[in-house]
Amino acid sequence: MNFKDLKLIAPILRALENQNYTEPTPIQAQAIPPVLAGRDVVGCAQTGTGKTAAFAIPILQKLNETSVPKQLQHIRALILTPTRELALQIHESFEAYGTYLKLRCCVIFGGVSQKPQEEKLKRGVDILVATPGRLNDLISQGIINLKEIEIFVLDEADRMLDMGFIHDVKRVIAQTPRKKQNLLFSATMPPEITDIVQALLVDPVKVAVTPVSSTVDKIEQSVYFVDKANKRELLKYLLKDPSITSALVFTRTKHGADRVVRDLTRANFKAAAIHGDKSQGARQTALSNFKDGTIRVLVATDIAARGIDIDELSHVINFDLPNIPETYVHRIGRTGRAGLSGTAISFCDIEEKPYLMSIIKLIKRDIPAVTDHPYPMMVFEIPPKEARPPRPARTSKLPTQAEKNSPRKQDGLRNSKQGKNRAASTALPAEPRAPKPRSHKPSGKRPAPKTGSANSPITKNAYFRKG
DNA sequence: AAAAAAC
């Protein structure tokens, strides 16, 4: 199968050749003909499957077939997508495949000045790529009119369901004509999406899914059990390996991402963060520096979990595990693209074990654990339920017995003199960073204060603290 | 609970 077999016009084929694209991906082969034929299409596919080209190429070709007189100029195609970076990326694709066509493409999103976007729109635009917020803003200012669009694309529809989004999306759809060609792409098909498909699309062609598992199969995955407090050390330890040419590190929170970047920078690793609290300029700089290799590590929240295309990304590192198992699949799908190999490493602390379990269940395969690393997780020996002493009642502010015994209360495991003395007296004559197989008896949470036995006060109190 | 998205 070749793009030539898809009845594409010469200028598009030439543009594809420039990009060194000759063979359509499965989703392109399946979606391009029905889109060209004017059918509604629902595609269940993740990014990385070539989804953007699957709609961008036929949209360009269709719009190119008919021309609109200057006086009747209007927006003809709208692509709605959940993040600004994704909007930029889709816009780039349209520009690339449409190099030899006269169609004009424009991208709009928030966080940057409205003026240039406004001016570009006034000069006339055929294809508009947008995030929902700025689009609604410009519609209500009367700068954008969607009444005559011919093709509407809802990208990453399941993500659009997230809090607040679906409302914005419905407002946009309400501004579009009823009679138009609709394309909807979604990585998953929950009932809410099926409802939207029913309401919006007419007799849609369903494009078969590339099963999530087959994408996952190409990525070498592993998990490191590690205590929360040692995650940053473990990350720096792993990054010493030069075979990690580029790493996308995911954290659970925006602050967490900043903390990791600070720590890496102090240790002379070239790193930057990307998340929703960063200015748009900083976001774009971070991403382009990462893409061109100026920085080796990009630390991100789930803003980058989906869609972001980074060529030759060697490693995805889940510094924190996502609590929604599907997010794991999206995250690791940033690597192992375009036929290249990919590696996904996940850190799992004691609180994240349930998340790991649901991920394993979702991907229907085990994730091997790496045990010979310098920061193995402290193994808790949880006594059987009936053997557990009752939890101390907390009726007064006075410290309970458990708290009095708790090493954490006394030294915070960090910086008090008491803590250091204790460490000095009870620490094993340790090689604290030496690899320790997990099958051994419980080892210390940190290299310093550790005890030998599972029944030691530290272990017990650690258990009590967990409740 | 956190994340993204408009000023």
Side-chain angles (χ1 to χ4, degrees), chain A residues 47 78-91 106-118 121 128-144 146 154-175 186-188 190 192 228 248-261 273-284 286-287 298-308 316 318-331 333-334 347 349 351-355 358-359:
Chain A
T47 25
L78 170 67
I79 295 89
L80 209 51
T81 189
T83 69
R84 298 167 185 174
E85 281 73 15
L86 226 35
L88 274 168
Q89 207 168 273
I90 293 168
H91 176 252
C106 172
V107 59
I108 61 163
F109 49 76
V112 292
S113 166
Q114 177 184 311
K115 256 281 175 308
Q117 298 179 359
E118 203 180 320
L121 286 162
L128 180 64
V129 184
T131 51
R134 178 59 63 91
L135 178 60
N136 275 320
D137 194 355
L138 297 186
I139 290 172
S140 54
Q141 290 180 50
I143 294 164
I144 286 176
L146 299 177
L154 187 57
D155 190 33
E156 302 278 348
D158 50 356
R159 175 108 182 243
M160 292 287 204
L161 279 176
D162 287 0
M163 199 179 81
F165 261 177
I166 190 64
H167 188 74
D168 287 344
V169 172
K170 282 184 173 160
R171 255 176 70 192
V172 171
I173 293 174
Q175 293 293 316
S186 190
T188 59
E192 297 93 327
K228 195 181 244 109
L248 178 55
V249 176
F250 284 103
T251 59
R252 197 176 53 86
T253 66
K254 294 180 274 203
H255 282 302
D258 288 335
R259 275 196 297 270
V260 170
V261 167
I274 185 167
H275 58 66
D277 277 355
K278 290 261 177 196
S279 75
Q280 192 54 32
R283 279 164 62 163
Q284 275 160 238
L287 194 56
L298 185 67
V299 188
T301 59
D302 280 327
I303 190 176
R306 290 188 187 215
I308 305 288
V316 166
N318 290 304
F319 188 88
D320 300 311
L321 279 178
N323 45 9
I324 298 167
E326 281 80 6
T327 304
Y328 175 83
V329 180
H330 293 304
R331 286 181 179 183
R334 298 309 102 223
F347 295 175
D349 68 29
E351 286 166 22
E352 293 171 315
K353 274 195 164 171
Y355 306 149
S358 39
I359 288 164

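These numbers were taken from a predicted model, which means no experiment stands behind them.
- For A/D302 and A/H330, the side-chain atoms include no donor-acceptor pair closer than 3.5 Å.
- If you take NE2 of A/H330 and P of B/dA3, they are 18 Å apart, rounded to a whole angstrom.
- Rounded to a whole Å, the OH atom of A/Y328 is 24 Å from the P atom of B/dA2.
- A/H275 has its NE2 atom 13 Å from the C1' atom of B/dA4, to the nearest Å.
- When the side-chain nitrogen and oxygen atoms of A/T131 are compared with OP1 and OP2 of B/dA6, one or more of them lie within a distance under 4.0 Å.
- The nearest whole Å value for the distance from the CG atom in A/D168 to the P atom in B/dA3 is 19 Å.
- Taking atom CG on A/D302 and atom P on B/dA5, their separation rounds to 13 Å, with Å as the unit.
- A/D137 comes within 4.0 angstrom of a base, heavy atoms only.
- Taking only side-chain nitrogens and oxygens, A/T301 comes nearer than 4.0 Å to OP1 or OP2 of B/dA4.
- Residue contacts shown for A/N136 are absent, as no nucleic acid heavy atom lies under 4.0 Å away.
- The shortest distance between the side-chain N/O atoms of A/R159 and the OP1/OP2 oxygens of B/dA4 is not below 4.0 Å.
- Put simply, CZ on A/F165 is 10 Å from P on B/dA4, counting in whole angstrom units.
- If you run side-chain contact (heavy atoms from CB on, under 4.5 Å) between A/I144 and each of A/L138, A/N136, A/D137, only A/L138 comes through.
- An OP1 or OP2 oxygen of B/dA4 is reached within less than 4.0 angstrom by no side-chain nitrogen or oxygen of A/R283.
- Side-chain contact annotation: A/Q280 with A/Q284, donor-acceptor N/O pair under 3.5 Å present.
- The distance from atom CG of A/L135 to atom P of B/dA6 is 9 Å, rounded to the nearest whole Å.
- Closest to the side chain of A/T253, from the set B/dA1, B/dA5, B/dA2, is B/dA2.
- Rounded to whole Å, the distance from OH on A/Y355 to C1' on B/dA3 is 14 Å.
- Counting only N and O atoms by type, the side chains of A/Q141 and A/Q114 include a donor and acceptor under 3.5 Å apart.
- Taking 4.5 Å as the limit, every side-chain heavy atom of A/E156 sits out of range of all side-chain heavy atoms of A/T83.
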